[in-house]
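Below is one structure; the comments refer to it alone.
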Amino acid sequence: MPVTVERAGDIAVLTFSAPPVNLYSLELHDELDRALDEVEALSPRALLIRAEGKVVSGGVDVSQFHARKTKADTKRLYDRMIELPNRVDALPFPAVFAAHALTLTWAFEVALACDLILASEKAKFGLVERVIGLTPTMGGTQRLAARAGVGRAKELVFTGELYDAATLERWNVVNRVLPPEGFDDAVLAFVEHLASGPTRAFGAAKNVLRRFEAGGVPEANAHVTAIAAELFDTRDLQDGMASFLRDGPGKATFTGM
């Protein structure tokens, strides 16, 4: 199958592989949906999304756009496409995207929907829809603006150029740039560290930040106390406080419960 899910301890690893260049298609989207169903059923403490192949993705299957004959049919396609990054964004645990090489259009937009992006020094990124007279349809423009500012989002979309990982790290789009040697192992170790933390507290932080994205600091402030209070009954909070008082900071072991 072009999309697989494997359990690695507390981590779910979702890998997509649609040779030769991992183009987006509705068929691949269906497989990704099936895989995300599997991920949610596993209830992991973190998700790693990665690709097989020489590139992460060369873009989309343009024939699927060109096959649409009406504006309404085209909008239905776009509505379907944006469901994928929105679903990733809504996950209640950390989601990390690993970009080992060229990452264009839909894959970049899914990466931006993840909480963190880890990139190889060899990786390059682009929203290149301008080459067919289109604008990004899967949330990439607005998610870029949230990370790097409106001006940078306009630059990437208007130029359609490729940007290296170091540049996008400097612009706060990529979180960390790692050497290509040992990239997969380094990514897995990073995600394992996230998975060992207080998973529900991380979910709460994601919820607070969604409020911030919706209405800035005032909107987040209006909800943060209620969101944090919901953690009262979690085993991780109660055990974490007890461990802190008994053994000092940094000694607690979290279970994600």
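For Trp106 and Tyr78, the ring centers are positioned 6.0 Å apart or more.
Here Ser243 pairs with nothing under the side-chain hydrogen bond (donor to acceptor under 3.5 Å, both in side chains) rule; sequence neighbours left out. With sequence neighbours left out, the salt bridge (Lys or Arg N to Asp or Glu O under 4.0 Å) criterion links Glu213 to no other residue. Applying the salt bridge (Lys or Arg N to Asp or Glu O under 4.0 Å) rule to Arg80 yields the partners Asp30, Asp33, Glu83; only residues at least two apart in sequence or on another chain are considered.
Of the charged side-chain nitrogens involved, none lies within less than 4.0 Å of a carboxylate oxygen, so that Asp164 and Lys122 do not count as a salt-bridged pair. Between Arg200 and Asp233, no side-chain nitrogen of the basic residue sits less than 4.0 Å from a carboxylate oxygen of the acidic one, so the salt-bridge criterion is not met. We find that Lys69 and Asp73 are not joined by a salt bridge, their nearest charged nitrogen and carboxylate oxygen being 4.0 Å or further apart.
Taking CG of Leu112 as the start and CG of Leu168 as the end, the distance is 9.0 Å to the nearest 0.5 Å. In this structure, CD in Glu40 is found 6.0 Å from CG in Leu91, a value given to the nearest 0.5 Å. Taken from CG in Asp10 to OG in Ser43, the straight-line distance is 11.0 Å, to the nearest 0.5 Å. Summarising the geometry, atom CG belonging to Leu32 is positioned 11.5 Å from atom CG belonging to Leu26; distances are rounded to the nearest 0.5 Å. Atom OG1 of Thr15 and atom CZ of Arg50 lie 4.0 Å apart (nearest 0.5 Å). Note that the CG atom of Leu36 and the CD atom of Glu31 stand 11.5 Å from one another [nearest 0.5 Å].
A donor-acceptor pair under 3.5 Å is absent between the side-chain atoms of Asp61 and the main chain of Tyr24, judged by distance alone. Between the Arg7 side chain and the Gly9 main chain, a donor and an acceptor come within less than 3.5 Å of each other. Proximity of a side-chain donor or acceptor of Ser57 to a complementary backbone N or O of Ala107 within less than 3.5 Å is not detected. Remark: side-chain polar atoms of Thr167 are not paired, donor with acceptor, to backbone N or O of Tyr163 under 3.5 angstrom. One N or O on the side chain of Gln238 and one on the backbone of Phe232 form a donor-acceptor pair closer than 3.5 Å. When atom types are taken as modelled, the side chain of Asp89 and the backbone of Pro85 share no donor-acceptor pair closer than 3.5 angstrom. Of the possible donor and acceptor atoms, none in the side chain of Asn172 sits under 3.5 Å from a partner among the backbone N and O of Arg147. Judged by distance alone, the side chain of Arg45 and the main-chain N or O of Ala195 form a donor-acceptor pair under 3.5 Å.
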What verdict does the side chain to side chain contact (heavy atoms under 4.5 Å, CB included) test give for Val88 and Ile49, after you've listed the backbone C-alpha separation in whole Å, the side-chain angles of each residue and the deciding distance to 0.1 Å? CA-CA 10 Å; Val88 171; Ile49 299 179; 4.3 Å; yes

- Going through the distances and angles, do Leu156 and Leu144 end up as a side chain to side chain contact (heavy atoms under 4.5 Å, CB included)? CA-CA 9 Å; Leu156 266 78; Leu144 266 175; 3.6 Å; yes

Audit row: Leu118, Val96, side chain to side chain contact (heavy atoms under 4.5 Å, CB included) steps and yes/no: CA-CA 7 Å; Leu118 305 184; Val96 178; 3.9 Å; yes

Q: Show your reasoning for whether side chain to side chain contact (heavy atoms under 4.5 Å, CB included) applies to Val60 and Phe65.
A: CA-CA 9 Å; Val60 302; Phe65 290 89; 3.2 Å; yes

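Sorted by first and then second residue, the ring pair (Phe, Tyr, Trp, His ring centres under 6.0 Å) pairs involving residues 123-153 (not counting sequence neighbours) are Phe108-Phe125. Pairs of residues two or more places apart, or lying in two chains, never qualify as ring pair (Phe, Tyr, Trp, His ring centres under 6.0 Å) while including a residue from residues 187-224.
Annotation for Arg176: atom CZ does not count as buried by contact number, only 12 or fewer foreign heavy atoms lying within 6.0 Å. No more than 12 heavy atoms of other residues, nucleotides or ligands shown are found within 6.0 angstrom of CZ on Arg130. Within 6.0 Å of atom CD in Glu230, 12 or fewer heavy atoms from other residues, nucleotides or ligands are found, so the atom counts as exposed in its surroundings.
Annotation: side chain of Leu188 is in contact with side chain of Ile11 (closest heavy-atom distance under 4.5 Å). Using a 4.5 Å heavy-atom threshold, the side chains of Glu169 and Asn175 count as separate. At least one side-chain heavy atom of Leu28 sits less than 4.5 Å from a side-chain heavy atom of Ser25.
Criterion: ILVMFWY side-chain heavy atoms under 4.5 Å apart, direct or through other members. Under it, Trp171 and Phe158 are part of a common hydrophobic cluster. Taken together through direct or relayed side-chain contacts under 4.5 Å among Ile, Leu, Val, Met, Phe, Trp and Tyr, Phe97 and Leu23 form parts of separate hydrophobic clusters. Both Leu134 and Met138 are members of a single hydrophobic cluster when ILVMFWY side chains are connected at heavy-atom separations under 4.5 Å. The hydrophobic clustering, which links ILVMFWY residues whose side-chain heavy atoms are closer than 4.5 Å, places Val13 and Val191 together.
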Donor-acceptor list for residues 246-257 side chains, cut-off 3.5 Å, not counting sequence neighbours:
from   : atom 1 : to     : atom 2 : distance (Å)
Thr255 : OG1    : Asp236 : OD1    : 3.4
Thr255 : OG1    : Met257 : N      : 3.3

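Among all heavy-atom pairs drawn from Ile117 and Ala111, the shortest one is CG1-O, 3.4 Å. When all heavy atoms are compared, the tightest approach of Leu104 to Gly58 is CD1-O, 3.6 Å. Leu14 approaches Ala35 most closely through the heavy-atom pair CD1-CB, 3.8 Å. Here the shortest heavy-atom pairing between Pro94 and Asp115 reads CA-OD2, 3.3 Å. For the residue pair Glu109 and Gly140, the shortest heavy atom distance occurs at OE2-N, 2.8 Å. For Gln64 against Leu77, the heavy-atom pair with the smallest separation is O-CD2, 3.8 Å.
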